[in-house]
Visitor: 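One structure is given below, represented as structure tokens, and several questions about it will come after.
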Amino acid sequence: QVQVVESGGGLVQPGGSLTLSCTASGFDLRSYAIAWFRQAPGKERQGVFCISTSDAPGYYTLDLKDRFTISRDNSKNTVYLHMNNLKPGDTARYFCAKDVLQFRNGCALTADLYDVWGQGTQVTVSS
């Protein structure tokens, strides 16, 4: 079964850090770009970061680029989202997703390009 499962969310104080994990099964992670999206209550889903098959990152805003990084460990079938200097505005449910296209050149934060989604992991930034 092709699936991705997120983990690592939790409650963190402003300025803190978290690392989210996206573990893949049923497909070769090396062949697909992976993206992270987030959705806060009452808001639209927002792209956060993506990583291509050649490990090139893509990000949604410069603010996220300055605070978050993305990496993959193909031996563990896992993509990580490292989040630093977290702000209350980062509070959301975070989802990872698999690209519909194998070996896409680069990656993009357009939800329609992704066909397998996880259930998400909640990140709450609050004092």
Visitor: Enumerate donor-acceptor pairs with a distance under 3.5 Å from any side-chain N or O in residues 13-22 to protein atoms, sequence neighbours excluded.
Guide:
unit_1: Ser17; atom_1: OG; unit_2: Asn84; atom_2: OD1; d: 3.0
unit_1: Thr19; atom_1: OG1; unit_2: His82; atom_2: ND1; d: 3.3

Visitor: Looking at Gly47 and Leu64, what are the two nearest heavy atoms and their distance?
Guide: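 Here Gly47 and Leu64 meet closest at O-CD1, 4.4 Å.
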
Visitor: Counting only heavy atoms from other residues, nucleotides and ligands, does the tally under 6.0 Å from CG of Asp55 exceed 12?
Guide: yes

Visitor: Do Tyr114 and Val100 have side-chain heavy atoms sitting under 4.5 Å apart?
Guide: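 Of all side-chain heavy-atom pairs linking Val100 with Tyr114, none is under 4.5 Å.
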
Visitor: Would you indicate whether the side-chain heavy atoms of Val48 and Leu109 approach each other to under 4.5 Å?
Guide: no

Visitor: Is Ile70 reachable from Val123 through a run of hydrophobic residues whose side-chain heavy atoms are each under 4.5 Å from the next?
Guide: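 Same cluster: Val123 reaches Ile70 through Ile, Leu, Val, Met, Phe, Trp or Tyr contacts under 4.5 Å.
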
Visitor: To the nearest 0.5 Å, what is the distance between OG1 (Thr121) and CG (Leu81)?
Guide: 11.0 Å

Visitor: Looking at Phe103, is its backbone amide N or carbonyl O close enough to the side chain of Ser31 to form a donor-acceptor pair, meaning the two atoms are under 3.5 Å apart?
Guide: no

Visitor: Is it true that the side chains of Ser75 and Asp73 contain a donor and an acceptor less than 3.5 Å apart?
Guide: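 Short answer, yes.
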
Visitor: When you group the ILVMFWY residues by side-chain heavy-atom contacts below 4.5 Å and let the links chain together, are Val116 and Val79 in the same group?
Guide: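 Linked within one cluster.
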
Visitor: What donor-acceptor contacts under 3.5 angstrom involve side-chain atoms of residues 33-43, with partners at least two apart or in another chain?
Guide:
unit_1: Arg38; atom_1: NE; unit_2: Gln46; atom_2: OE1; d: 2.6
unit_1: Arg38; atom_1: NH1; unit_2: Asp90; atom_2: OD1; d: 2.9
unit_1: Arg38; atom_1: NH1; unit_2: Tyr94; atom_2: OH; d: 2.9
unit_1: Arg38; atom_1: NH2; unit_2: Gln46; atom_2: OE1; d: 3.0
unit_1: Gln39; atom_1: NE2; unit_2: Lys43; atom_2: O; d: 3.1

Visitor: Would you confirm whether Ser52, through its side chain, and Gly106, through its main-chain N or O, come within 3.5 Å as a donor-acceptor pair?
Guide: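 No.
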
Visitor: Do the non-hydrogen side-chain atoms of Thr53 and Gln102 ever get within less than 4.5 Å of each other?
Guide: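 The answer is no, as the side chains (C-beta and beyond) never meet within the 4.5 Å cut-off.
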
Visitor: At what distance, to the nearest 0.5 angstrom, does OG of Ser54 lie from CZ of Arg30?
Guide: 14.5 Å

Visitor: In terms of hydrophobic clustering (I, L, V, M, F, W, Y; side-chain heavy atoms under 4.5 Å; direct or indirect links), are Val5 and Leu29 co-clustered?
Guide: no

Visitor: Out of curiosity, Cys96 SG to Gln119 CD, how far, rounded to the nearest 0.5 Å?
Guide: 10.5 Å

Visitor: Same cluster for Val4 and Tyr80 if Ile/Leu/Val/Met/Phe/Trp/Tyr side chains link at under 4.5 Å?
Guide: no

Visitor: May I have all residue pairs that pass disulfide bond (SG atoms under 2.5 Å apart) and include part of residues 98-127, sequence neighbours excluded?
Guide: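 Checked against disulfide bond (SG atoms under 2.5 Å apart) - neighbours excluded - the pairs reaching residues 98-127 are Cys50-Cys107.
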
Visitor: Would you say Gln3 and Lys98 make side-chain contact, with heavy atoms under 4.5 Å?
Guide: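 The answer is no, as the side chains (C-beta and beyond) never meet within the 4.5 Å cut-off.
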
Visitor: Work out which heavy atom in Trp117 is nearest to a heavy atom in Ala111; give both atom names and the distance.
Guide: CZ2-O, 3.7 Å

Visitor: Do Gln122 and Thr91 have side chains that get closer than 4.5 Å, going by heavy atoms?
Guide: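 A side-chain contact under 4.5 Å exists here.
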
Visitor: For the hydrophobic clusters of this structure (ILVMFWY residues joined by side-chain heavy atoms under 4.5 Å, transitively), does one cluster hold both Val2 and Tyr32?
Guide: yes

